[in-house]
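So the structure is just underneath, and the comments pick up after that.
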Amino acid sequence: MSVPMAEPHRTLAPPERRVAEVRGARRLGAYDLITARDPVGPPDPRPGQFYMLAAGDGWGGGTGERPFLPRAFSHAAARPHPGGGAELDFLLEDVGPGTHRLGEMGAGEALMLLGPLGAGFRPPVQGTRPLLVGGGVGVAPLLCLHRELGADDQVLLGFRSGAHAAAAELFGDGARVVTEDGSAGSMGLVTEPLAAELDGDPAATVFSCGPPAMLEAVRALCAQRGVECQLALESGMACGFGACFGCVVETVAGYERVCVDGPVFAGSQLARVV
Amino acid sequence: MSVPMAEPHRTLAPPERRVAEVRGARRLGAYDLITARDPVGPPDPRPGQFYMLAAGDGWGGGTGERPFLPRAFSHAAARPHPGGGAELDFLLEDVGPGTHRLGEMGAGEALMLLGPLGAGFRPPVQGTRPLLVGGGVGVAPLLCLHRELGADDQVLLGFRSGAHAAAAELFGDGARVVTEDGSAGSMGLVTEPLAAELDGDPAATVFSCGPPAMLEAVRALCAQRGVECQLALESGMACGFGACFGCVVETVAGYERVCVDGPVFAGSQLARVV
Amino acid sequence: MELCGVELGGPVLNASGTFDAIAARRAFGDALLERFPFDAFVSKTVTLGPRQGNPPPRLWETPAGMINSIGLPNKGMEGFLVNDLPELARLGVPLVVSVMGFDHDELAALVEGVGAREEVAMLELNVSCPNVESGVLVGADPAETAAAVGAVRGRTTKPLVVKLSPSSVDPAAVAVAAQEAGADALSLINTLKGMALHPQTRRPWLGGETGGASGPAVRAVALEQVTAVAERTTIPIVGMGGIASGRDAADFLAAGADVVAVGTESFRDPGAGRRIAAELAALGATGRVRTPEAVR
Amino acid sequence: MELCGVELGGPVLNASGTFDAIAARRAFGDALLERFPFDAFVSKTVTLGPRQGNPPPRLWETPAGMINSIGLPNKGMEGFLVNDLPELARLGVPLVVSVMGFDHDELAALVEGVGAREEVAMLELNVSCPNVESGVLVGADPAETAAAVGAVRGRTTKPLVVKLSPSSVDPAAVAVAAQEAGADALSLINTLKGMALHPQTRRPWLGGETGGASGPAVRAVALEQVTAVAERTTIPIVGMGGIASGRDAADFLAAGADVVAVGTESFRDPGAGRRIAAELAALGATGRVRTPEAVR
Ligand SMILES: Cc1cc2nc3c(=O)[nH]c(=O)nc-3n(C[C@H](O)[C@H](O)[C@H](O)COP(=O)(O)OP(=O)(O)OC[C@H]3O[C@@H](n4cnc5c(N)ncnc54)[C@H](O)[C@@H]3O)c2cc1C
Ligand SMILES: Cc1cc2nc3c(=O)[nH]c(=O)nc-3n(C[C@H](O)[C@H](O)[C@H](O)COP(=O)(O)OP(=O)(O)OC[C@H]3O[C@@H](n4cnc5c(N)ncnc54)[C@H](O)[C@@H]3O)c2cc1C
Ligand SMILES: Cc1cc2nc3c(=O)[nH]c(=O)nc-3n(C[C@H](O)[C@H](O)[C@H](O)COP(=O)(O)O)c2cc1C
Ligand SMILES: Cc1cc2nc3c(=O)[nH]c(=O)nc-3n(C[C@H](O)[C@H](O)[C@H](O)COP(=O)(O)O)c2cc1C
Ligand code: FES
Ligand code: FES
């Protein structure tokens, strides 16, 4: 096969599933934060890429029946491991059987893992400041992006409640937090400080991940102001590596696969986020 | 419905599956011995009856796929529980995915349980001494029978090896043990001491449970000598209460369901045990 | 609620051949009657003469389901009517008797003989059998099914439920044919044809060589067929295939079933029918009952 | 070993539409080529014109399987031949191109256009589509299948694999018809028709309303159909449907398949094909390859 175009925002993955070991798990407000040792994967997945995860034991069956397929998760942090491979942090929200099972995993348990997959965030447009806008568990990929960008970025995080806003502590002091119920940070939606920021100085590249309604608001805000934005989308996935064509999203160029053509899309590729 | 004929060897079960709690689990040579608290079942299941068991979590799914259906196990002991229900001991041999999962259960885990089911052992023929002949994990239902009969019985147990013969310790000192490799007790098959016993004094009722080849040898030995024997059979089961017609065994009267018509059959009902 | 004019306490039946109330009574005693899991009782399929069924093994466990090659063991019509029916009549729920005939004469004799008994509320025709002459699977063929229904329609005034075979290119076409030939209701799906090999010998595991697949593994297939049949027929539908929870049952009702039947899940828990009914009620879903176009 | 005269390194293929080697190359780089999981590569089904496929959602997870309503998105024949085929030719394994035409002219154009390319070792005809005139599912009907195969047989000298539909009363009859019309091999099973409802709205979940069920849940059904087809045909068989382990693969070979194909299991692990081949080898099982009666 011909060598594909170099894709700096896409770190290649080993072509098979492997067994990682859960090294630690803790509750972080409304979320679970689990750390796993990937034995052979690359030490440098790109922010915005993701992994397909499944528990080695207790994945489906019984009266719960599901899950059967693995689930997609962005790494929130990746550290090279001295013994090879990487140590990966994942931030999980329990929304169904897969996230529930993963969230209850403890140290020593086997985690089936494939990745990193997909295309991560691209560098900011020259001469603009990076503006990271996260919502809920969507803050996960922004955390490693934030760490990579150093102190040059601005971080705006929106959560449903204070319990969810506990995830903001991972970002240190720099992040501005809003919650829907005002129980942490200021009350409101994260798009309000974003609009104010962009109206103050539109020389920004926006990086965003969060629920579809938030991403659509971010996209529209940026489009109105001619600001470039990069949106990390979600979609139901079976494979994560382009095999099933199941994860498509409608773009201006037709259906594209979130797992290989994304998950990070430019706002301009999308007429609407649904 | 008309009241069915009283069946003294059949203790009735509540008509639904319930959640029991594993109270303890220990390794006993080649076997696992688990104790479970049945919250509402009868305190007095009959020796030779059985329960359908499944793990509450981790029952099938994942790459192992099976089990899906519950599995049948004779209780090795049953004690009334002061808070109601019963405490039940099960002796398990790991032969596949179901027994493997059950064998790894630990205290506090949920055990799905239905039973007691089937017809247990009937009393010995008047004027004969009870002779209990067990093979491998088939010693389980003989343990509670032994305890019920008191010191009046004779117990002959056969095992593959010394590791398996560890189960004999449950019977105290009275049991005679043979192993196929001679690593515990005398070397040979349990049918050898049985033949000697019956040749010495045929006034016996034989109660037997074990692998099919052993049961067939026991049946033939007893038939030749005109000795009554009661054989506890095994069969692949889906339901355990007569619903599926899947567990049939060929008897002299045609196919009968091991789960409701047995599992204990008189040797005279069977032309052969296969 | 009612099904074909028969009053039901709720929308959850058992699937034919998956619950033997007489055997269950031996295992569970009177508690079974006090907490009977179903709103109507459907018998295992009865044939004209007695049958031993297939040799064991008859069961194979599959991912999220099972295959059986039970082979319709039963006492035959006489044995059933004499020994079993009086017992079943004491269950306190309406009785549906499933029958299968290997030709029209057999079927007619069964429908007439069973239908004449006052204990019987409805009959179910199990047409998942080959036409002994043509070899065609009756329930897979609209014309064969219509002929079978037509041959027995006049033999009873009781409601006739036709149990469709899922092994048809177009189950809705068979359903339409059954309705036009006089069926009062339809039930589906029966088991899918499946097979398993012995792990060591790799010869067929089941005594019957092939068997029928059931359980959660077939649920999606069942739901599609119920939807397709409901779109093209107007008589009531008994939906089944892998139902294991109230949510599953609600799906079948939404797809067009009027009541549901629980099969394989009862093997895992004899109380499954009651649990599913309770879960269904908690979801706010109840069985819809459409009135058959013509009540005979 | 060989299949229809094409040399294969081993007996494990991918199932059409379940592995996109070009996308996988983007994700896994050269390591994909070094450890390519399959002994031949089967393309996703190509149609004459380009197709967008069905609207999302396209996936639903079932007990031990899934349903998809992907809807055959592809670039059309021209796009495939120009953009994809040169890339696929560098995989280092024989290429099988799956094609579907909505009438005989389309199918003939596809077979001729694709068959003419030297990179292509074999063609697979996906006949799981309705005849646009009669509405009959081509692959469910012996005569329709024979007509489709007959219409294209003369258009290529390359081996033609006919991929059977499982939604037929008698898949073996369709298989026999395909063989008589000139097929060189048969592949089965395609997905079973299935459906799922949205958990809240109870409207169809899938954008395509209905979809195809695959994975371990359909394995027993697949094994039965492979057995039935192998008993009545003499050309090679590509067996598939829920294969997830070497033991499963060995079952299909024992049932009469000459090689196997892995579909859904690759979604859980892109390396599944290699793992299954290794497990199969450890079991001592190898693919049997029967020689087609006539090599064209
Ligand atoms: C690229 C990417 C990155 C992600 N990163 C993260 C992350 O860092 N942290 C995180 O917590 N989450 C993340 N997610 C989301 C995560 O993958 C989902 O929350 C997870 O897949 C849900 O699985 P579940 O089994 O818990 O719930 P499910 O029940 O599978 O998912 C809930 C959704 O699926 C629907 N659904 C219900 N039943 C079915 C069925 N049978 N089949 C199909 N759909 C069904 C529900 O209606 C609902 O929309 C990411 C997703 C993507 C695509
Ligand atoms: C009345 C009764 C009492 C019993 N009491 C005890 C007891 O006290 N202690 C004890 O350890 N055991 C007991 N057993 C046996 C126990 O039920 C079985 O060992 C258990 O069901 C095995 O389940 P498994 O999943 O571990 O193994 P499985 O793999 O289910 O069972 C092994 C057997 O099933 C066959 N098999 C393999 N795959 C399948 C499949 N997919 N579907 C169907 N069959 C398959 C194998 O060839 C083998 O014969 C009893 C059985 C009965 C009927
Ligand atoms: C062990 C077993 C026996 C069955 N016997 C019959 C039968 O006698 N008559 C019949 O019409 N269907 C019979 N069926 C089919 C069921 O009634 C039902 O249609 C099928 O199992 C699908 O439902 P389920 O998935 O809930 O089991 C049987 C099914 C099983 C599993
Ligand atoms: C997502 C998906 C897409 C598929 N696309 C095609 C296709 O384009 N052409 C085809 O012939 N079969 C297609 N199939 C069917 C598979 O090739 C295979 O026949 C079926 O999935 C059974 O195998 P499995 O259980 O191993 O997946 C597809 C299956 C899936 C799951
Ligand atoms: S998840 Fe399979 S193609 Fe994207
Ligand atoms: S196990 Fe179902 S009838 Fe015996």
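Chain identifiers are assigned alphabetically (A, B, ...) following the order of the sequence lines, protein sequences preceding nucleic acid strands; residue numbering begins at 1 within each chain.
- Residue Pro37(C) does not touch chain B at all, counting heavy-atom pairs closer than 4.5 Å.
- Counting heavy-atom pairs under 4.5 Å between each of Pro70(B), Ala119(B), Ala238(B) and chain C puts Ala238(B) at the top.
- Side-chain contact between Pro15(B) and Glu34(C): absent, with no pair of heavy atoms (C-beta onward) separated by less than 4.5 Å.
- Of all non-hydrogen atoms in Pro56(C) and Tyr255(B), the two that sit nearest each other are CD-CE2, 3.6 Å.
- Put simply, the side chain of Glu61(C) gets close to the backbone of Leu69(B): a donor and an acceptor are under 3.5 Å apart.
- By the 4.5 Å heavy-atom criterion applied to side chains, Phe28(C) and Leu117(B) are counted as neighbours.
- Contact annotation: the side chain of Asn68(C) never approaches that of Phe245(B) to less than 4.5 Å [non-hydrogen atoms, C-beta and beyond].
- Using a 4.5 Å cut-off between heavy atoms, Arg18(B) does not touch chain C at all.
- The environment of Asp94(B) atom CG is dense: over 12 non-hydrogen atoms of other residues, nucleotides or ligands sit within 6.0 angstrom.
- Atoms CZ and CH2, from Phe68(B) and Trp60(C) in turn, are 15.0 Å apart once rounded to the nearest 0.5 Å.
- Of the listed residues Ala64(C), Pro57(C), Ala31(C), the one with more heavy-atom pairs under 4.5 angstrom with chain B than any other is Ala64(C).
- At a heavy-atom cut-off of under 4.5 Å, chain B is reached by Thr264(C), Ser266(C), Phe267(C), Arg268(C), Asp269(C), Pro270(C), Gly271(C), Arg274(C) from residues 263-274 of chain C, listed in order of number.
- Going from atom OG of Ser235(B) over to atom CG of Leu59(C) covers 7.5 Å, rounded to the nearest 0.5 Å.
- Evaluation of the side chain to side chain contact (heavy atoms under 4.5 Å, CB included) rule for Ser98(C) yields Ser16(C), Ser43(C), Thr45(C), Glu124(C), Asn126(C) as partners, not counting sequence neighbours.
- At a 4.5 Å heavy-atom cutoff, Met112(B) makes no contact with chain C through either its backbone or its side chain.
- When the heavy atoms of residues 197-213 of chain C are compared with those of chain B, none of the residues falls under 4.5 Å.
- Contacts of Asn54(C) with chain B are made by backbone atoms alone, with heavy-atom separations under 4.5 Å and no side-chain atom involved.
- With sequence neighbours excluded, the residues that form a ring-ring contact (aromatic ring centres under 6.0 Å, His included) with Tyr51(B) are His75(B), Phe90(B).
- Listed here is the closest heavy atom pair of Arg26(C) and Val260(B): NH2-O, 3.6 Å.
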